A.B. asks: 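Take this structure first; my questions come after.
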There are 2 protein chains.
Amino acid sequence: MVTITAAGASELGTRAKPAFSLDDLNPYADGCPSRRLLDRIGDKWTVLVVGTLDDGPRRFSDIRRSVAGISQKMLTQTLRGLERDGLVNRTVYAEVPPRVEYELTVAGTTLLAPLKALERWSIEHFGDVSASWELYDDTHADSAES
Amino acid sequence: MVTITAAGASELGTRAKPAFSLDDLNPYADGCPSRRLLDRIGDKWTVLVVGTLDDGPRRFSDIRRSVAGISQKMLTQTLRGLERDGLVNRTVYAEVPPRVEYELTVAGTTLLAPLKALERWSIEHFGDVSASWELYDDTHADSAES
DNA sequence: CCGGATCCTAACGGATACTG
DNA sequence: CAGTATCCGTTAGGATCCGG
């Protein structure tokens, strides 16, 4: 199960080139696994959670405090997903009270750069976008107003 | 409405610096507008749709064909949102049959770079992640197996 | 302190039918 | 062709209780 076969990989058959071209798997295709990855990244909380882990390991409650508004359920779920993706390491310390630390893996660190870029973009452009909202809501006030 | 006041901006009072520091608005804060932006980006389809617009204006149905699996409802919704954000320009040609073209604005183009970076990351790392999935599902088979 | 299990609601999002 | 409106199933996700 979880057949990792890349789209069209089976057609390669006896081809000498084992690695498929990057162009072969485009996220725009429906079944493509890379699409699933984008979906995960597109997850509401993943960006925020990964973002908090850029300066070393952090505890569960610590992360939870950092990401305002996240519920414990969603944090657990997000962290589990990231762990399954191999982007985050989960370390349990058998103490009382229990302590669990989460840390980006090497792969997770590579994700950090694009994610931070997005975060930066959001911060830098939120002004423009807010202005655009006003303009849009103003010019389209005829269809639906307050 | 849609008060653009940055968090803590009111406290600045008579400060000579009208522009707030970028550090003042972090997407991790709950009410911060930049969070809303991240949410939009985190939308399931936005990344894909914006991605298809990187080589010039495209028609509705054209985009729809490019983004496999998107429904017409979701495409409309996504495009409307992007238009409201000022990231996409919508041009209606009064013809029969009607023709509507969508094009990235300047701001939209600035988003393209981080988005493409993410897309690239997904493609490059989906192999590692898939492998991680197998490993994870294998080692955690005790809790839930087929 | 960490996080699993459950319940329950709001939304997301698809299918379809209809307008210009 | 582009878009709206409606219906309706699926899921995301919050609240709460519980167990390690």
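Just so it is clear, the values below take in all heavy atoms, side chains as well, and ignore hydrogens, waters and symmetry mates. Computed from a predicted structure; not experimentally measured. The chains referred to below are lettered A, B, ... by the order of the sequence lines, with proteins before strands, and numbering in each begins at 1.
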A.B. asks: Round to a whole Å and report the spacing from CZ of Phe60(B) to P of dG3(D).
C.D. replies: 5 Å
A.B. asks: Apply side-chain contact (heavy atoms from CB on, under 4.5 Å) to Ser71(B) and Met74(B), showing your working.
C.D. replies: CA-CA 5 Å; Ser71(B) 67; Met74(B) 279 303 104; 3.5 Å; yes
A.B. asks: Kindly say whether, by distance alone, the side chain of Gln72(A) makes a donor-acceptor pair under 3.5 Å with the base of dG13(D)?
C.D. replies: no
A.B. asks: Starting at atom CG of Asp43(A), determine the distance to atom C1' of dC12(C), rounded to an integer number of angstrom.
C.D. replies: 14 Å
A.B. asks: Is Arg64(B) close enough to dG3(D) that one of its side-chain N or O atoms is under 4.0 Å from OP1 or OP2 there?
C.D. replies: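 For dG3(D), neither OP1 nor OP2 has a side-chain N or O of Arg64(B) closer than 4.0 Å.
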A.B. asks: Starting from C1' on dG3(D), measure out to CG on Leu79(B) and report it in whole angstrom.
C.D. replies: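 Nearest whole value for this atom pair: 11 Å.
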A.B. asks: Round to the nearest Å and state the distance from Lys44(B) atom NZ to dC12(C) atom P.
C.D. replies: 13 Å
A.B. asks: When you get a sec, tell me which of dA5(C), dG14(C), dG3(D) is the closest nucleotide to the side chain of Trp45(B)?
C.D. replies: dG14(C)
A.B. asks: For dG14(C) and Ser71(B) - does any side-chain N or O of the residue sit under 4.0 Å from the phosphate oxygens OP1/OP2?
C.D. replies: yes
A.B. asks: On the side chain of Gln77(B), is there an atom forming a donor-acceptor pair with the base of dG13(C) - under 3.5 Å, no angle test?
C.D. replies: no
A.B. asks: Taking ring-ring contact (aromatic ring centres under 6.0 Å, His included) as the test, write out the residues that go with Trp45(B), two or more places apart.
C.D. replies: none
A.B. asks: Met74(A) has a side chain; which of dG13(D), dT4(D), dG14(C) sits nearest to it?
C.D. replies: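 Among dG13(D), dT4(D), dG14(C), the one nearest the side chain of Met74(A) is dG13(D).
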A.B. asks: Would you say Leu104(A) and Val92(A) are hydrophobically clustered, going by side-chain heavy atoms of ILVMFWY under 4.5 Å?
C.D. replies: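 Yes: a chain of side-chain contacts under 4.5 Å links Leu104(A) to Val92(A).
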A.B. asks: Roughly how many Å is it from CZ in Arg80(B) to P in dC12(C), rounded to a whole number?
C.D. replies: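 It works out to 17 Å between those atoms.
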A.B. asks: Send over the distance from Lys73(B) NZ to dA5(D) C1', rounded to a whole Å.
C.D. replies: 9 Å
A.B. asks: Let me see the working for Leu53(B) and Glu103(B) under side-chain contact (heavy atoms from CB on, under 4.5 Å), right down to the final yes or no.
C.D. replies: CA-CA 6 Å; Leu53(B) 293 176; Glu103(B) 180 180 21; over 6 Å; no
A.B. asks: Which atom names give the shortest non-hydrogen contact between Gly86(A) and Ala107(A), and what distance separates them?
C.D. replies: O-CB, 3.9 Å
A.B. asks: Under a 3.5 Å cutoff, is there a donor and acceptor pairing between the side chains of Arg58(B) and Ser66(B)?
C.D. replies: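 There is such a pair (donor and acceptor under 3.5 Å, judged by atom type) between the side chains of Arg58(B) and Ser66(B).
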A.B. asks: Round to a whole Å and report the spacing from CG of Leu75(A) to P of dG3(C).
C.D. replies: 8 Å
A.B. asks: Give the intermediate values and the outcome of side-chain contact (heavy atoms from CB on, under 4.5 Å) for residues Val100(B) and Arg90(B).
C.D. replies: CA-CA 7 Å; Val100(B) 183; Arg90(B) 178 169 179 269; 3.9 Å; yes
A.B. asks: In whole angstrom, what separates Ile70(B)'s CD1 from dG14(C)'s P?
C.D. replies: 8 Å
A.B. asks: Where along residues 91-101 of chain A does a heavy atom fall under 4.0 Å from DNA chain C?
C.D. replies: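 Under 4.0 Å from DNA chain C: Pro97(A), Pro98(A), Val100(A).
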